[in-house]
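Structure record follows, encoded as structure tokens.
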Amino acid sequence: MTDTLLEVCGLEISYGGIRAVKGIDLHIASGELVALIGSNGAGKTTTLKALAGLLHPARGKIQYANRSLINVVAHQRAAMGIALVPEGRGVFARMTVLENLLMGAYIRDDKSGIAIDLARMYELFPRLAERKDQLAGTLSGGEQQMVAMARALMGRPRLLMLDEPSMGLAPLMVQKIFEVIRDIAALGMSILLVEQNAKLALQVAQRGYVMESGEITLSGAATELLGSAAVQRAYLGA
Amino acid sequence: MKFNSKSKALVAALVVALLLLPFITDALFGRGWVRIVDFAMLYIMLALGLNIVVGYAGLLDLGYIAFFAVGAYCYALAGSPHLALAFPMMFPDGVHLSFLIVLPLAALLAGGFGVLLGAPTLRLRGDYLAIVTLGFGEIIRIFLNNLNSPVNLTNGPQGISRIDPVSVANVRLSATQNVLGIEFPSVHLYFYLFLAFTALVIFASRRLERSRIGRAWMAIREDEIAASAMGINTRNLKLLAFAMGAMFGGASGALFAGFQGFVSPESFSLMESIMVLCMVVLGGMGNISGVILGGVLLAILPEVLRHIVVPLQQSLFGKTLIDPESLRMLLFGTALIVMMLYRPAGLLPSRVRRRELDSDEVPESIGRNQA
Amino acid sequence: MEIFLQQIINGLVQGSVYALVALGYTMVYGILGLINFAHGEVVMIGAMLALSSLTVLLGLSVPPLLALLFSIILAMAGCMALGYTIERIAYRPLRHAPRLAPLITAIGVSIVLQNLAMMIWGREYHSFPQLIVNATHSLGGAVINDIQIIIFILALLIMAGLMAVVHRTRLGRAMRAVAENQHAAQLMGVDINRVISLTFMLGSALAAIAGLMVSANYGLAHYYMGFVLGLKAFTAAVLGGIGNLRGAMLGGLLLGLIESLGAGYIGDITGGFFGSNYQDVFAFLVLIVVLVFRPSGLLGERLAERA
Amino acid sequence: MMVETTLLKLSSVGKQFGGLSALSDVSLHIRRGEIYGLIGPNGAGKTTLFNVITGLYQPSVGEFQFNGQGYQACKPHVLARAGIARTFQNIRLFANLTALENVMIGRHVRTRAGVLGALLRNRATRNEERAVVERARELLRYVGIEKPAQTLAKHLSYGEQRRLEIARALATDPLLLALDEPAAGMNATETASLKSLLQTIRDSGITVLLIEHDVKLIMGLCDRVAVLDYGKKIAEGIPEEVRKNPDVIAAYLGASHD
Amino acid sequence: GKSATTEKSTSGELVVRIGASAPLTGPQAHIGKDNESGTRMAIEDANAKGILIGGRKVRFELISEDDQADPKTATIVAQKLVDNKVSGVIGHLNSGTTIPASRIYNDNGIVQISPSATAVSYTAQGFKTAFRVMANDAQQGRVLGEYAAKNLGAKKIAVIDDQTGYGQGLADEFIKSAKANGAQIVAHEFTTDKAYDFTAVLTAVKGKQPDLLFYAGMDPQAGPMAKQLRALGLKLRFMMGDGGYTPQFIKLAGEEAAEGSYASLPGVPLDKMPGGKQFEARFVAKYQPIQLYAPYCYDAVNVMIAAMQKADSVEPAKYQPVLAGISHDGVTAKIQFDEKGDLKGGAITLYQVQQGKWHPLETLGAAIPAAH
Ligand SMILES: Nc1ncnc2c1ncn2[C@@H]1O[C@H](COP(=O)(O)OP(=O)(O)OP(=O)(O)O)[C@@H](O)[C@H]1O
Ligand SMILES: Nc1ncnc2c1ncn2[C@@H]1O[C@H](COP(=O)(O)OP(=O)(O)OP(=O)(O)O)[C@@H](O)[C@H]1O
Ligand SMILES: [Mg+2]
Ligand SMILES: [Mg+2]
């Protein structure tokens, strides 16, 4: 039995007066790949931002590696091994691919380790090796997505959160990104994956949560969810 | 505009209060304060004009005072003996056109300058626009300062004095007038004149804001590319914004010249542009009542401080410890900071700004959300 | 020819001063997108602090060079503290406010600093002690002195140093990351408050040096000296492309040259119709023309907006 | 005959960014009343093509004809008036204005009130304003977001924002509606409802040009599809043909696509 | 309304308010404060003397306002002084503020004596209430131009002005007079009253090889200008108007560069005037070294009070005609006004820096007839 890495209890987040996330519970075990699906505006991005420390929850507990994350600000969470690949990628457009990757390793100071990981990223994404001196802002959408993922991995996170990594990508590129997700999951990293392409997400994930209007309405093993009629109707367009 | 009976009563009360304002001010604080109120009205007009450019169309203009200057000099030249110096044959006594002719002339001339300034700056954004408009304001000032030779057009830094006071329908506003047994001193008369014009400017601003033109300006402010893709001719509309703002500025400049009787380039320094911008932003960009409040506050605050700094120190320390004049400006600067910190979207934010802020209050650590 | 050469030297010296101040402007702008209107006042405070410290130390008959060294350090430290405080009080709370809000607090800070300085150092112009023998050198008939040479070299060195910091160090990378996307920078583990504070302190230290240089070169210090200098430096930064360090340097030197050549030759060019009284008109016209053809300054990146 | 059925015709259009050739020698024509799909790998030049035909970019070479008239180096507002409306890949709404105001701004190009009208607010202006509001509400209803009419655009959810962009574009009374990845970030169910909206729009007589990565949507909706790769058109035809084209499979679809 | 009145204080004294206005903030604050101090000293002296008017002991009260050297603020300040029922005003410092304010004083019948405004147009407006105790630009420029061309024998003269009302007015009159006396103006360059780098204009001047440079502006510019002049190796005589006659000039220029510079100041040198030396000693003890116009402010107050005493009234309407015809021995000169309110036959003294101090060379123009 693997131990729990992240545990969220009664998480509530509001924008001004509007509650976007209304008291949700979720947990992720070490090495687990968990999918979070839900329709537009359900509160998925909001949840991830709160976990990364970019938003302050109104209420609720977040336990990470048996430590409470209340009062831990975003950059400290990054240092604790929590990484987020944000919606819209958020690459540093006027920095080169290499500089972007080095930013990913900002919290580390083991020069040799960074060099090793850099080589590993270039192995994982050969395209980035070709383009390492290109400004990230001039890359195509798919390439930027690779930069964003590689950058997050450079910090050697224990928990990787991905917010719609397939958005705006061509079919071939989607396949490629999901292959990478599967690969890094196999290396034992914990992953929380938010996706609109619910089918793909549930195919790679072990467990899944379904979110609607700020609440978790369904959860369970990924295969179960894939088979559920409710999920099929709402998210798979069946 | 439709009013229910309650708001009708409110408006009526407001009108009466405004009409009585100079008398009340005079009785309570003295005539000097009526003059301050008069200047505040001029500033409100200026700020409302700038609000069109900055608040509606989102074009940061740091040289706005130039239009005020153009209007003022237009009035000064058309209503003083000065041109007799430059063109003794043509105008042996100078030019003394009627106020009702000069005012629209000044507004139009300033509007023309607005277009002139707007044209080369159309492609510029944000702070680049700011510095170019700043430069434009300085250029105008330098020309006014130096056009005393080869032909003495502006009398240079010495300025033009002996400008005709405003007179409407043979009533000279520079002298105390007796109407129905009530004495109206000059500063009171100017107050009513400025009040009328301010009302006009407010009316025009409101109508423009809620019109097809106003919406197009806001679209440009929000996203120029999307606006042009929606069929908005951004070039023409930006020029229009510059021109409209400049016209208001020019008209108030003309009023200023008539009121003051003297114009010189010193009155149109960069600091003045900055103050008007402060009024707009501090009051609440894009919101007419906010801009008015900003104008009133910033025009009057230094004067209020002038009066309280010494007594305040006396009551605190028993004597004047700190030089009152620098303390006054120090407090003024501090007030700017504190007000802005306390209400970042302005004292009376526009509907849009207010909501924009609401959503930004919570996520403290969220980064700059660039489009 | 000798006159022309002298005008070039004049322009380069004046331009180096602009450049020094413009570098500070540009750093802050680069990271926060904020016109730090108070920067000119920080320059002034730097000069004033140095002046006071020099006066005291020389009064205690401390050797001039030692006094100078100590004063530079004191002025830099004082300005760094001031820069930190300004950012903390007047800008940080407004980081998510509408874009023009911090512009107004900046103006407020500028007014406050000016009047504080007037209270502390008085209304009069102070003469700045001459500490080193300021030898004059002749260069093909034109003259240049030691302080001017120092200013010019210092400006270049500082620019090079800043470029190295920004492009080669971890802090520099963090600064650029914060400048581009604070959100993402935090996710990388960057403490953005710390980075922004450091940037302000660095810019303020530069301001202190600039203030000292100006005072040493012109032999005066006054509480009002920062305003015009700040404005010119801001213009220079925009001319070069605001946010770009090399642009600040180039813009500063160029503005200096434009001014001196303008003042020297407008009269001759226009047949005496316009004289040196139109020097600023000339400078602004050059600026406008440059911006019309290069809307983001000479070296500013032309990120054609992607639609 | 061609003039009547062809709405948009590109002949050998090219667009260069520095050394990069984002579009080269692209020719295509879109018929009135059809839904024309544009697909291709990331960075193939699809959005660039949109920017060219909406006047945001000037083509480096070539020109295009729209509604029987030639255009080259035209300002966006001219093309909007001519009848081309678009949405943006990275949503570009007027973020701080309400949904209703966003759509009202779309009416700008079909209304006329000027400064005088605004100041005097005469009968004609009042009538026009009323019509603008009515039409804007109607369009919000049409795309299914009448409820948040008074909400600021930036507070709408992603899907609502996409719909609002469509409503705003429709407000310009376009002949050609160009949509850049309208289904990005939508799940399958939401995409399905978008699909029916687009069909309704087409049925109302508006020609649609659609960029999408959702192959299912493209194949199920479009009358014809063109494929771009590295700035060149590598295939064009009805969906069934394109789907089987080996070049398209290699460059875009991938082997195992269903 | 009623202009000036008096009020009774508890001790039965007559309290008479004297207004004063000058820039107390901004770049000219140091000169403005100097003016205020001069005015204050005169008022304190008068109070110490115990002056009787209308048979009652008078206590003068100073109401000092900051006009920020801004014309608009000046009118507000003027209106305020009127509100405060001052009996007369000493001010303002600059012509740009003095002129707009003068209209308000005139409208309210309040006597104004400017200690330092030199623009000809100030007294040309036809206001009975406007006086000054300083030679105007025309008077001073004429003397300076003549002195440069005749006494100093300058053939080729360069002029720099600071583009302020003061500098431009003075420069124009200087040029006219220098030309009339046979000198050639080889360059007319410009700077501003906020500048401190003059190398460019000085280099341009150098190219024209003049033998004298006249600067029309104030000491904060004149000082550094003299310094840069020497640094650039210009070998010529440096001359200024009253704006340069300050200890500050020598400090800012450095004694070496300042040595030999000329400046003028209306009036007779303080130490040649009865009571002048004593005034200076007392002033320095009380405040700080005289910047510029403090003695003129002192004189302005005294001549005003003298007129009140002579008219035996503090009502402006009553003492104004007396003032117009007065002859008063001040510390700067014998003060008499012409029909416009300008100083009659104002003497102008030329000074030169010698061994780090200003030394009077000669006093000229006593015979100059009133301007226009
Ligand atoms: N800055 C904000 N201010 C106000 N409301 C917001 C803000 N950001 C998001 N919301 C609202 O919060 C709710 C949740 O938004 P969120 O972005 O978390 O949804 P999501 O599940 O990620 O949706 P999508 O799949 O479209 O990305 C939505 O109703 C949205 O409109
Ligand atoms: N303004 C610009 N400056 C420089 N290069 C640009 C610019 N706009 C587009 N490009 C480049 O042109 C190429 C085509 O870009 P475009 O946005 O048209 O691709 P796309 O087909 O829309 O891709 P995606 O599916 O990822 O949106 C890309 O390599 C892109 O980097
Ligand atoms: Mg989301
Ligand atoms: Mg695209």
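Just so it is clear, the structure is predicted and the values come from calculations on it, not from any experiment. In what follows, chains carry the letters A, B, and so on, assigned in the order in which the sequence lines appear, proteins first and then strands, with residues in each chain numbered from 1.
- Near-neighbour residues of residues 112-121 of chain C relative to chain E, defined by a heavy atom under 4.5 Å from a heavy atom of that chain, comprise C:Asn115, C:Met118.
- Between C:Glu124 and E:His30, the closest heavy-atom pair is CA-CB, 3.8 Å.
- For C:Tyr223, the part lying near chain E is the side chain, with the backbone staying farther off; criterion is any non-hydrogen pair under 4.5 Å.
- Across all their heavy atoms, C:Ala263 and E:Val201 have their closest contact at CB-CG1, 4.2 Å.
- Considering only residues two or more places apart in sequence or on other chains, C:Phe4 meets the ring-ring contact (aromatic ring centres under 6.0 Å, His included) condition with none of them.
- With a 4.5 angstrom heavy-atom cutoff, E:Thr25 touches chain C via backbone and side-chain atoms both.
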Using the rule given for side chain to side chain contact (heavy atoms under 4.5 Å, CB included), can you reason through E:Tyr196 versus C:Leu229, listing the C-alpha separation, both sets of side-chain angles and the distance that settles it, and then say yes or no? CA-CA 10 Å; E:Tyr196 44 78; C:Leu229 186 60; 3.3 Å; yes
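- Here the closest heavy-atom approach between residue C:Tyr125 and residue E:Gln221 is recorded as OH-NE2, 4.4 Å.
- Both the backbone and the side chain of E:Lys206 come within less than 4.5 Å of a heavy atom of chain C.
- Looking at E:Lys251, the atoms closer than 4.5 Å to chain C (heavy atoms on both sides) sit in the backbone and in the side chain alike.
- Between chain C and the options E:Gly254, E:Gly207, E:Pro220, the largest number of non-hydrogen pairs under 4.5 Å is found for E:Pro220.
- Heavy-atom neighbours of E:Lys286 NZ from other residues, nucleotides or ligands within 6.0 Å: above the threshold of 12.
- Only the side chain of C:Val214 comes within contact range of chain E, judged by heavy atoms closer than 4.5 Å.
- When each of E:Val205, E:Thr203, E:Thr199 is scored by its heavy-atom pairs under 4.5 Å with chain C, the top score falls to E:Thr203.
- How far CZ of E:Phe190 is from CZ of C:Phe274: 12.0 Å, rounded to the nearest 0.5 Å.
- Proximity to chain C among residues 157-164 of chain E is limited to E:Gln163, judged by heavy-atom separations below 4.5 angstrom.
- Contact tally against chain E (heavy-atom pairs below 4.5 Å) for C:Gln6, C:His222, C:Gln7: the top residue is C:Gln7.
- Side-chain contact between E:Lys194 and C:Tyr224 is present, with heavy atoms from C-beta onward closer than 4.5 Å.
- Annotation: side chain of C:Val17 is not in contact with side chain of E:Asp197 (no heavy-atom distance under 4.5 Å).
- Proximity to chain C (any heavy atom under 4.5 Å) is restricted, for E:Gln228, to the side chain, taken from C-beta onward.
- How far OG1 of E:Thr192 is from CD of C:Gln279: 8.5 Å, rounded to the nearest 0.5 Å.
- Counting all heavy atoms, side chain and backbone alike, E:Pro224 lies closest to C:Leu220 at CG-CD2, 3.1 Å.
- A search for ring-ring contact (aromatic ring centres under 6.0 Å, His included) contacts involving E:Tyr166 returns nothing, not counting sequence neighbours.
- Only the side chain of C:Asp268 comes within less than 4.5 Å of a heavy atom in chain E; its backbone stays farther off.
- Only the backbone of C:His126 comes within less than 4.5 Å of a heavy atom of chain E; no side-chain atom from C-beta onward does.
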